[in-house]
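Chain A is the first sequence line, chain B the second, and so forth, proteins listed ahead of strands; every chain is numbered from 1.
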Number of protein chains: 2
Amino acid sequence: MDNSELRQRIVATADELYNSKGIQAVGMDELRTAAGVSLKRLYAEFPSKSSIVMAVLERRHQSWTEGLDATVQQAGTPQERLLAIFDYLAGWFCQDSFRGCGFINSFAELGAISPDVAEYARKHKESFQEYVGQLAKAAGAPAYLAPQLAILAEGAQTTAAIAGTPDAAGQARQAAEVLIDAALVTAQAGSAGSAG
Amino acid sequence: MDNSELRQRIVATADELYNSKGIQAVGMDELRTAAGVSLKRLYAEFPSKSSIVMAVLERRHQSWTEGLDATVQQAGTPQERLLAIFDYLAGWFCQDSFRGCGFINSFAELGAISPDVAEYARKHKESFQEYVGQLAKAAGAPAYLAPQLAILAEGAQTTAAIAGTPDAAGQARQAAEVLIDAALVTAQAGSAGSAG
DNA sequence: CATCGTAGAGAACGTTCGTTCTCAATGCAA
DNA sequence: TTGCATTGAGAACGAACGTTCTCTACGATG
């Protein structure tokens, strides 16, 4: 087996296990068994558990970014693209494996004792905020809209996870519609006012 | 020392430690030392660590509920009361000890392996949603407003925790203003339409 | 066939955890 | 003082963790 393929299998298995049970609740032995790898090869690929955790976070970031962008790209207008964020969340929340945002969870679990995990979670959320900022800019919205929508998305994730229902995605989407409309009306009124 | 006073000191110390380092990262010995209690008395008061965790969650729920309500009561109009939620968050986020919502964190850390923790986190969030629902009803807002504001509050908490800045409270407050105004306008238009 | 390097299975190591037990010290009643 | 119950300090226990080591089996090469 190729080393790269082996690494991928380990990280994918770790991702699943960490997501469903929490990082600290999954030992190296359980991961070894689930991935079907000997401890020797596991430690040949990764020097420590924390390096596996970081690899899982990278995988999550890539998976989230690609999945979100794929959904957004399918939307037509800039406004619909902003709302597509919440359609992506809705699909995610309905998956059986959904147990909250992996970055929020890992930050809650390890952020206080692992600066690497805390920093990666921060960067992931920052990159999401920037992404929303680009979509909002393309829609001609003022700068304050993006953080508002990002907060809605974060809140929908934790609400859906803890409540155990996917309702929050739709509720956040409706709130986003109101916020987007209000922001665009303000922007148009502003430009119209300066033009007239 | 009174037993009840001893219990309070243990739970208060555990709350601090669990908040700053995470629950699983704090052992019984560290808690024992910090609280200045012998292991014997500690286990005389609480049968297990998980019972201490549940006591901490109860304490957090009470503290949060009382603090929020105190801030809300200071506001004048029903609309201002709804916005006071975010003023309470703003004050909380600025505290040095703030490290995110304790229920989100405990859910992320233990929810998957402890049904009690998951259930308590769910009930806490549910009670918050009901509280917001009462405030929204008093303001004459339609029923869909409360979940929207609750999602904003949740998102502000995680965003502030991970980003490490209190900005999210103000951003969520401004979004809440827009949502409240829109909801009240709709409600008034609806009642005006039916009346005229 | 003999030999050597490699890989898998899992035993073993040191540490840490939650929990229990030991033991000496203390306070109090008679 | 004597005896007894209670307490505090921390040693001790079994389990589980992350990590390393041992040993056996196997396959390639001379």
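For the pair Arg32(A) CZ and dG10(C) P, the interatomic distance rounds to 6 Å; values are reported in whole Å. When rounded to the nearest whole Å, the span between CD of Glu45(A) and P of dA7(C) equals 11 Å. In this entry the distance linking CD1 of Ile52(A) with C1' of dT19(D) reads 12 Å, nearest Å. Rounded to a whole Å, the CG atom of Leu31(B) is 14 Å from the C1' atom of dT19(C). Atom NZ in Lys40(B) sits about 15 Å away from atom C1' in dA12(D), given to the nearest Å.
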Report, one pair per line, the protein and nucleotides 13-18 of chain C atoms (nitrogen or oxygen only) whose separation is under 3.5 Å.
from	atom 1	to	atom 2	distance (Å)
dG18(C)	OP1	Lys49(B)	NZ	2.4
dG18(C)	OP2	Met28(B)	N	2.7

Atom pairs, N/O to N/O, protein against nucleotides 24-27 of chain C, distance under 3.5 Å?
none

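A continuous path of Ile, Leu, Val, Met, Phe, Trp and Tyr side chains, each step under 4.5 Å between heavy atoms, connects Ile23(B) with Ile10(B), placing both in one hydrophobic cluster. Linking Ile, Leu, Val, Met, Phe, Trp and Tyr whenever their side-chain heavy atoms come within less than 4.5 Å puts Leu82(B) and Ile151(A) in one cluster. Residue Val132(A) is grouped with residue Leu179(A) when hydrophobic side chains (ILVMFWY) are merged at heavy-atom distances under 4.5 angstrom, including chains of intermediate members.
Atoms CD and CZ, on Gln157(B) and Arg99(B) in that order, are 13.5 Å from each other to the nearest 0.5 Å. From Cys101(A), atom SG reaches atom CD1 of Ile104(B) across 11.0 Å, with rounding to the nearest 0.5 Å. Within the model, atoms OH of Tyr131(A) and OG1 of Thr65(A) stand 9.0 Å from one another, a figure rounded to the nearest 0.5 Å. Lys123(B) contributes atom NZ, which lies 15.0 Å from atom CD1 of Ile162(A) (distance to the nearest 0.5 angstrom).
Comparing dA9(C), dA11(D), dT19(D) against the side chain of Ser38(A) picks out dA9(C) as the nearest.
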Report the C-alpha distance between Glu177(B) and Arg173(B) in whole Å, list the side-chain angles of each, state the deciding distance to 0.1 Å, and finish with yes or no for salt bridge (charged side-chain N to carboxylate O under 4.0 Å, His left out).
CA-CA 6 Å; Glu177(B) 281 189 71; Arg173(B) 192 188 201 277; 3.6 Å; yes
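Side-chain atoms of Arg9(A) come within 3.5 Å of backbone N or O of Ala35(A) as a donor-acceptor pair.
The two atoms that bring Ala168(A) and Ala160(A) nearest to each other are CB-N, 4.1 Å, heavy atoms only.
Proximity of Arg41(A) to the phosphate of dG8(C): a side-chain N or O atom is located under 4.0 Å from OP1 or OP2.
For the helix from dC1(C)-dG30(D) to dA30(C)-dT1(D), the angle separating the two terminal helix axes comes to 30°, with each axis derived from five pairs and the value rounded to 10°.
Residues Trp64(A) and Phe103(A) place their aromatic rings such that the two centres sit no closer than 6.0 Å.
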